[in-house]
Number of protein chains: 2
Amino acid sequence: MDDVFRKIGSQLTLSQKIERRLEEAIREKKLPIGSKLPTERELCASFGVSRTALREALRRLSARGLVKITKGSGMYVTGLKIDDAIRNLDLYYDMQFDQNLIAQIIQVRRLFEPNIAGLAAIQRNQNDLSDLQDNIEKFKLCDPDNIQLEADLDNKFHLTIAKATRNPIVQISMEPIYSLLPRMRSLIYANVEGEKDHTLEYHIKIFNAINEQNETAATEFMAEHLKRTTDIYKKYLHGAFI
Amino acid sequence: MDDVFRKIGSQLTLSQKIERRLEEAIREKKLPIGSKLPTERELCASFGVSRTALREALRRLSARGLVKITKGSGMYVTGLKIDDAIRNLDLYYDMQFDQNLIAQIIQVRRLFEPNIAGLAAIQRNQNDLSDLQDNIEKFKLCDPDNIQLEADLDNKFHLTIAKATRNPIVQISMEPIYSLLPRMRSLIYANVEGEKDHTLEYHIKIFNAINEQNETAATEFMAEHLKRTTDIYKKYLHGAFI
DNA sequence: TCATTGATATTTGTATTACAAATTTATCAA
DNA sequence: TTGATAAATTTGTAATACAAATATCAATGA
């Protein structure tokens, strides 16, 4: 192939180069998490750049959650938090939000969540159980007209199960999806007849299965629950669907 | 409660406030994707801030992939790309990498991938099939001592299946996990007896099932394949495990 | 000795000015 | 219309100055 006309010069700005250098060092733990970076002035001297360029590089890193900057104190390497890791994912889904994404979300939930419930039934601890029970109680008492609260509680119920797997990857994978549920729900203009009853019934069934550490039952009830959700969206969101 | 002594002042820096304002506007599509932002000078005037503060805000946004800045031209709103969305997730997993994470990865794969293969069997197109077939051919020819290449091909095989679901959420969920496989593999000091044969055998089985659009078979073969992987890691990575 | 206070030094945040470098736009000639 | 050139526009970097938050340390008082 002709490499003659390959892209010329990465065209990285100075501050981008600095950003990469520091990111690399953090990644390789040459700059350990929690350690304090040299002051701006010292870094300027080391890198041989102006304070402007250096600061813009550090703003980038701080925006991504790799360093924390405190006025008067200094700049510190911070391990990426889960929230930092998924923030842009949240934003991505949020901006992609449309009927297509809704269909994809439902599909993924049916693909993943039954097994998640099954694993949760094995791994759950006492704390998870009381969280789930609280959630169910609140859901019972929730004003049927308060769609938003209902959606939030529903969302939280499923997130709690995801966390109960004790596998952070499960949580990370599902959390951005769950955070869209309230928005999905709000598209269904009004209450669906019998919807609350169904949700409550299945949340209780799922809870009982998880409580009894019955993996199979938890898996199956979750699958049935999500099947029903699919039907509702199919009905009320007439459009190209799964 | 005494609210008298509650935390005072959000302590957001000026540039952080600017960042949020612009992010909000982009999120709400008041600033549509592709649109050109006013020049730095104009924005400084609008916001009533210095160029320093404004620029640092925009560096933050550009670091996150929300705006693209071109010297001499201007600043443009860009839709978040998938790569932007998962870059920090990759970094997060990369920095978390340890035996625990390996165990969690394997667990998640066993949880999710069988159903993914099942869906892929339904949704796959001709292109996917030839990609998979190519992959298998290369795997056959791959030098058994070239562990890295073998791991890359294995990685790619599974990613291709994830993409074949035609569901980007599946892809986004799995890609950061797959990208860690080569690193995991490198921990197993040498070739595992019969490992390549097994992988090849099951990749072929899975391929055939997907080719024939046999959802059940694809699901089950993938489950068996991953069970075997688990056993290997259990054996060679003696330590606390699933 | 210990805790509190207050002054001082250190460090990051913002503003301003100046110029460099890349791109875009306008101008003009063929 | 096309193409080249010049001018204007726009972002990138540097340097300086000061504000504001924090950290450090000495002095004070019980």
Side-chain angles (χ1 to χ4, degrees), chain A residues 5-23 25-26 31-78 84, chain B residues 5-23 25-26 31-78 84:
Chain A
F5 304 111
R6 71 185 183 282
K7 198 160 47 180
I8 287 186
S10 52
Q11 295 296 40
L12 284 182
T13 66
L14 195 48
S15 65
Q16 283 172 319
K17 289 180 199 166
I18 300 171
E19 179 194 12
R20 294 205 178 180
R21 279 272 281 278
L22 290 172
E23 177 182 348
I26 294 173
L31 293 174
I33 292 172
S35 65
K36 189 175 189 298
L37 290 177
T39 67
E40 290 183 350
R41 291 187 144 63
E42 288 169 331
L43 283 175
C44 289
S46 305
F47 286 129
V49 299
S50 75
R51 212 179 144 211
T52 309
L54 181 82
R55 278 180 61 84
E56 296 195 349
L58 282 155
R59 292 301 98 83
R60 281 203 174 79
L61 292 169
S62 104
R64 295 172 50 200
L66 275 83
V67 304
K68 178 166 168 50
I69 305 177
T70 309
K71 176 154 136 185
S73 174
M75 308 185 287
Y76 304 85
V77 179
T78 62
D84 295 319
Chain B
F5 305 111
R6 72 185 180 281
K7 196 159 50 179
I8 288 185
S10 55
Q11 295 298 40
L12 282 182
T13 67
L14 196 46
S15 66
Q16 283 172 319
K17 289 180 198 164
I18 299 171
E19 179 193 11
R20 294 204 178 180
R21 280 270 281 278
L22 290 172
E23 178 182 348
I26 294 173
L31 294 173
I33 292 173
S35 65
K36 188 176 189 299
L37 290 177
T39 67
E40 290 182 349
R41 291 188 144 64
E42 288 169 332
L43 283 175
C44 289
S46 306
F47 287 130
V49 300
S50 74
R51 215 181 141 208
T52 309
L54 181 82
R55 278 179 62 83
E56 295 196 348
L58 282 155
R59 293 295 139 336
R60 282 205 174 79
L61 292 169
S62 104
R64 294 172 50 199
L66 275 82
V67 305
K68 177 167 168 49
I69 306 176
T70 310
K71 176 155 139 185
S73 175
M75 308 185 287
Y76 305 85
V77 179
T78 62
D84 295 319

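Order of the sequence lines sets the chain letters (A, B, ...), proteins ahead of strands, with each chain counted from 1.
Minimum heavy-atom separation, A53(B) to S15(B): O-CB, 3.4 Å. Taking both residues in full, the closest heavy atoms of P32(A) and V77(A) are given as O-CB, 3.5 Å, listed atom of the first, atom of the second, then distance. The two atoms that bring S62(A) and I69(A) nearest to each other are CB-CD1, 4.0 Å, heavy atoms only.
With rounding to whole Å, R55(B) atom CZ is found 16 Å from dG13(C) atom P. Taking atom CG of L58(B) as the reference point, atom P of dT14(C) lies 14 Å away to the nearest angstrom. Here the P atom of nucleotide dA22(C) and the CE atom of M75(B) are 19 Å apart, to the nearest Å. Put simply, CG on L43(A) is 17 Å from C1' on dT13(D), counting in whole angstrom units. At whole-Å resolution of the value, CD in E19(A) and P in dT13(D) are 12 Å apart. Rounded to an integer number of Å, the gap from NZ of K71(B) to C1' of dA14(D) is 13 Å. Across the protein-nucleic acid pair, L12(B) atom CG and dT12(C) atom P stand 19 Å apart, rounded to whole Å. Regarding E40(B), its CD atom lies at a distance of 5 Å from the C1' atom of dT11(D), rounded to whole Å.
Side-chain proximity of S73(B) to the nucleotides dT24(C), dT12(C), dT13(D) is greatest for dT24(C). For I69(A), the side-chain atoms get nearest to dG13(C) when compared with the rest of dT13(D), dG13(C), dA22(C). The side chain of R59(A) approaches dG13(C) more closely than any other nucleotide in the set dT11(D), dT13(D), dG13(C). With dT14(C), dT11(D), dA14(D) as the candidates, the nucleotide lying closest to the side chain of A53(A) is dA14(D). Residue R51(A) places its side chain closer to dG13(C) than to any other of dG13(C), dT11(C), dA15(C). Counting only heavy atoms from C-beta on, S50(A) has its side chain closest to dT13(D) among dT13(D), dT12(C), dT10(D).
If G72(A) and L14(A) are placed on DNA chain D by their nearest nucleotide, the residue sitting closer to the 5' end is L14(A). The 5' end of DNA chain D is approached more closely, in terms of each residue's nearest nucleotide, by P38(B) than by the other of P38(B) and G48(A).
OP1 or OP2 of dT10(D) has not a single side-chain nitrogen or oxygen of R41(B) nearer than 4.0 Å. In this model, the phosphate group of dT11(D) is not approached by any side-chain N or O of T13(A) to a distance below 4.0 Å at OP1 or OP2.
To the nearest 0.5 angstrom, M75(A) atom CE is 7.5 Å from K36(A) atom NZ.
A salt bridge is defined here as a Lys NZ or Arg NE, NH1 or NH2 lying under 4.0 Å from an Asp or Glu carboxylate O, and E19(B) with R59(A) fails to meet this definition.
When heavy atoms are screened at a 4.0 angstrom cut-off, T52(A) is found touching base atoms of the nucleic acid.
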